[in-house]
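Taking it in order: structure first as structure tokens, then the write-up.
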Amino acid sequence: MRVYNTLFRKKEEFLPQGDEVKMYVCGVTPYDDSHIGHAMSYVIFDVIRRYLKFRDYKVKYVQNVTDIDDKIIDRANQRDIPPAELAKKFTDSYFEDMDALNIERADVYPKATGEIAKIIEVIQGLIDKGFAYPADGSVYFRVRKDPDYGKLSHRSLDAMMAGECAIGSEEKEDPMDFALWKASKPGEPFWESPWGEGRPGWHIECSAMSLKYLGEQIDIHGGGQDLIFPHHENEIAQSESFTGKKPFVKYWLHNGLVQLGEDKMSKSLGNLVTIKQALTKYSPDAIRIFILNSHYRSPLKYSEEGLEAAVKAAERLRRAVSRDDSGSGEAFDAESYRKQFIEAMDDDFNTAQALAVLFDLASAINQAGDAGVSIGQAQGTLVSLAREVLGLKLPRTTYLELTERILIRDTVKATVIPDTVNKRVSRLIEERLKCREEKKWQRADEIRKKLDELGVVLEDTKAGTRAAYKRAPSVESLDSFLKELGITL
RNA sequence: GGCGACGUAGCCAAGUGGUUAAGGCGGGGGUCUGCAAAACCCCUAUACACCGGUUCGAAUCCGGUCGUCGCCUCCA
């Protein structure tokens, strides 16, 4: 397995340091609903973790929640609620989104506010070693003290200084020094510390948590490319200075950023689509396919067309695994596809390539099925790779037998079609079947067309008419159509 | 200004030195069907931004040009 390491800007053989892969991914600051950019990052690291497990690695996955920072305080003040309440609300919202997207929960989700003791311990250690200094109730990291500073983002302090002005508070020794502990202003939440009342800086929590939950040296640290500098650079400085052990992280993995139009989708630019908004229009599978269909290190352009294409693509896979296996004789062997899939994923998690293999397999399954070859085993391979590794749900169609000739399936996400609706729909389908027998094609087609408009798609097969709900029609609309046709239930 | 990434068919997007340039969506034709839908078959890039170079050979390496984006401040 090869992975691209931001630290060396090249792909390297993946060799974890111990029996268990230690994986840390930067989590959210919960002051608003999560957007598609978050979806991209967490879907990707979910797939990476799933794939590691698929390849028989044990994985311990930690993700932080930055539940105290300036943004949270500002937003809470705007809404006139306590910062903790705001953070709780959007942390819950985050988990709802993650669950909806079928992202497996991390092993631990430490919160900044829950790790103050460890944070203080690390800061004190850095002061003791001369890497940090208190000033005016705050504590800063002395970047000039760390000779490696800049190794991840590949920039030098002097170059950074020469470029833009680093914004410095007067009490800093060097404008590039960053805060480990921030003295609290009046009215802000605070915790007691050896340096007075205050709260942790943003970067220190990740160093503290990863140290506490994963140890001094970890295998994978992930996040969006926008975190490379300064966040991850600072984490390295803190952790390696504190423990004296290098490297803090063996493989740094960064995903590309989602763009909306020409710009990066971000909270600060305000050009975002939330996960909740996207989920009202697109299935979780479609969203995952949209994300996984391009390489994780490339920027992803958000587009409705892209999502629509992904909806169709998801449907294609779902149909291939759902079709009846009426074949006989020797089974279709999907082993070569499985190998290709693994080969693709082994190469820096090339999910686009891996998906292409699954589409090829779907195609092969359809061909084999049409030819009367047994496809059950191949369908099993497709389903297991898609579900286990890519985290797709790929619900196998189940047909509800309303009558012996009418089969209804429900593809509407988490929607239970009420009996009242099923009853009316099946009555209409019965009517259409009758019309077809009597060769009243016009009336039959009218029923099919109207049902389609109401959200029910019909397909005539040898086994009978199959009905799929795209969405649940209202009883009223069905009743009015029944009345129009002069049919009583 | 410094650092980095990208520019492949109508759209999205793999491929990063060598047979006919993946896959998805869309489009055209056909098989099946009463008609559809689904599925299947065929077609849909005259060399991959442009220019120059290295090489027996480049979309793939090097240099330049143009364009787009990201980071350098909070951000997945």
Side-chain angles (χ1 to χ4, degrees), chain A residues 6 9 25-29 31-32 34-45 63 66 69-71 74 150 153-156 158-167 176 202 222-231 233 254-259 262-269 272 289-290 293-295 297-301 303 305-317 319-320 322-323 340 344 347 350-360 362-363 365-371 436 439-442 444-445 448-449 452 457-462 465-466 468:
Chain A
T6 307
R9 289 180 175 167
V25 174
C26 283
V28 289
T29 300
Y31 70 93
D32 208 340
S34 300
H35 56 72
I36 297 297
H38 299 109
M40 178 187 186
S41 193
Y42 299 118
V43 163
I44 282 161
F45 287 106
Q63 187 179 117
T66 306
D69 92 332
D70 294 344
K71 288 267 169 58
D74 291 348
S153 50
H154 301 93
R155 53 185 92 189
S156 70
D158 296 326
M160 283 185 268
M161 290 295 294
E164 291 294 307
C165 53
I167 300 155
M176 292 306 295
W202 173 37
Q225 280 170 356
D226 52 351
L227 297 182
I228 294 172
F229 191 89
H231 187 54
E233 195 67 62
H254 292 98
N255 62 273
L257 305 176
V258 174
Q259 292 174 219
E262 297 303 297
D263 298 309
K264 174 181 78 162
M265 182 181 288
S266 80
K267 292 182 189 175
S268 40
L269 291 175
L272 45 80
I289 286 174
F290 174 68
N293 198 36
S294 60
H295 193 90
R297 281 188 283 112
S298 302
L300 179 64
K301 270 174 276 183
S303 77
E305 293 142 313
L307 265 316
E308 297 290 354
V311 169
K312 298 283 181 57
E315 176 70 4
R316 184 169 165 73
L317 290 180
R319 277 184 181 277
S322 298
R323 60 184 285 159
Q340 286 175 58
D347 182 17
N350 193 335
T351 54
Q353 189 72 53
L355 262 176
V357 173
L358 295 191
F359 286 115
D360 283 342
S363 215
I365 285 170
N366 285 328
Q367 283 173 47
D370 282 1
R436 293 184 67 212
K439 299 201 190 302
K440 293 177 181 165
W441 306 125
Q442 203 180 345
D445 290 350
R448 184 173 62 198
K449 186 162 174 286
D452 184 67
V457 183
L458 300 191
E459 287 180 24
D460 299 320
T461 72
K462 291 187 195 82
T465 291
R466 293 184 165 186

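Below, read A as the first sequence line, B as the second, and so on, with proteins coming before strands; counting in each chain starts at 1.
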For residues A/H254 and A/R297, is any side-chain donor paired with an opposing acceptor at under 3.5 Å?
no
Could I get the full list of salt bridge (charged side-chain N to carboxylate O under 4.0 Å, His left out) partners for [X], not counting sequence neighbours?
{"X": "A/D32", "answer": "A/R75"}
{"X": "A/D70", "answer": "A/K182, A/R199"}
{"X": "A/R316", "answer": "none"}
{"X": "A/K301", "answer": "none"}

Across the strands shown, which category fits [X] at heavy-atom distances under 4.0 angstrom: base, sugar-phosphate, nothing?
{"X": "A/Q225", "answer": "nothing"}
{"X": "A/I228", "answer": "nothing"}
{"X": "A/V311", "answer": "nothing"}

Excluding sequence neighbours, so at least two apart, what forms side-chain hydrogen bond (donor to acceptor under 3.5 Å, both in side chains) with [X]?
{"X": "A/D69", "value": "none"}
{"X": "A/K312", "value": "none"}
{"X": "A/Q225", "value": "none"}
{"X": "A/D452", "value": "none"}

About how many Å separate CZ of A/R319 and CD1 of A/I365, when rounded to the nearest 0.5 Å?
14.5 Å
B/S/- contact track for nucleotides 14-27 of chain B, protein heavy atom under 4.0 Å:
SS------BBSSS-
Every protein N/O lying under 3.5 Å from an N/O of nucleotides 31-36 of chain B:
| residue | atom | partner | partner atom | Å |
| --- | --- | --- | --- | --- |
| B/rG34 | N7 | A/R436 | NH2 | 3.4 |
| B/rG34 | O6 | A/R436 | NE | 3.2 |
| B/rG34 | N1 | A/D445 | OD1 | 2.9 |
| B/rG34 | N2 | A/D445 | OD2 | 2.7 |
| B/rC35 | O2 | A/R448 | NH2 | 2.5 |
| B/rC35 | N3 | A/R448 | NH1 | 2.9 |
| B/rC35 | N3 | A/R448 | NH2 | 3.3 |
| B/rC35 | N4 | A/D460 | OD2 | 3.2 |
| B/rA36 | N6 | A/D460 | O | 3.0 |
| B/rA36 | N1 | A/D460 | N | 2.9 |
| B/rA36 | N3 | A/R448 | NH1 | 2.9 |

Starting from [atom2] on [N], measure out to [atom1] on [X] and report it in whole angstrom.
{"X": "A/M176", "N": "B/rC72", "atom1": "CE", "atom2": "P", "answer": "10 Å"}
{"X": "A/H38", "N": "B/rA76", "atom1": "NE2", "atom2": "P", "answer": "4 Å"}
{"X": "A/H154", "N": "B/rC3", "atom1": "NE2", "atom2": "P", "answer": "13 Å"}

Tell me every residue that passes side-chain contact (heavy atoms from CB on, under 4.5 Å) with A/S294, counting only those two or more places apart in sequence or in another chain.
A/L300
Considering only the C1' atoms, how many Å lie between B/rC11 and B/rC56, rounded to the nearest integer?
38 Å
Could you summarise the pairing of RNA chain B as dot-bracket text, marking Watson-Crick and G-U pairs under 3.5 Å with ( ) or [ ] inside the strand and | across strands?
((((((((.[[[..)..(....]]]((((((.......))))))....[[[[[..)....]]]]])))))))....
On RNA chain B, nearest-nucleotide positions of A/R297 versus A/G37: which is more 5'?
A/R297
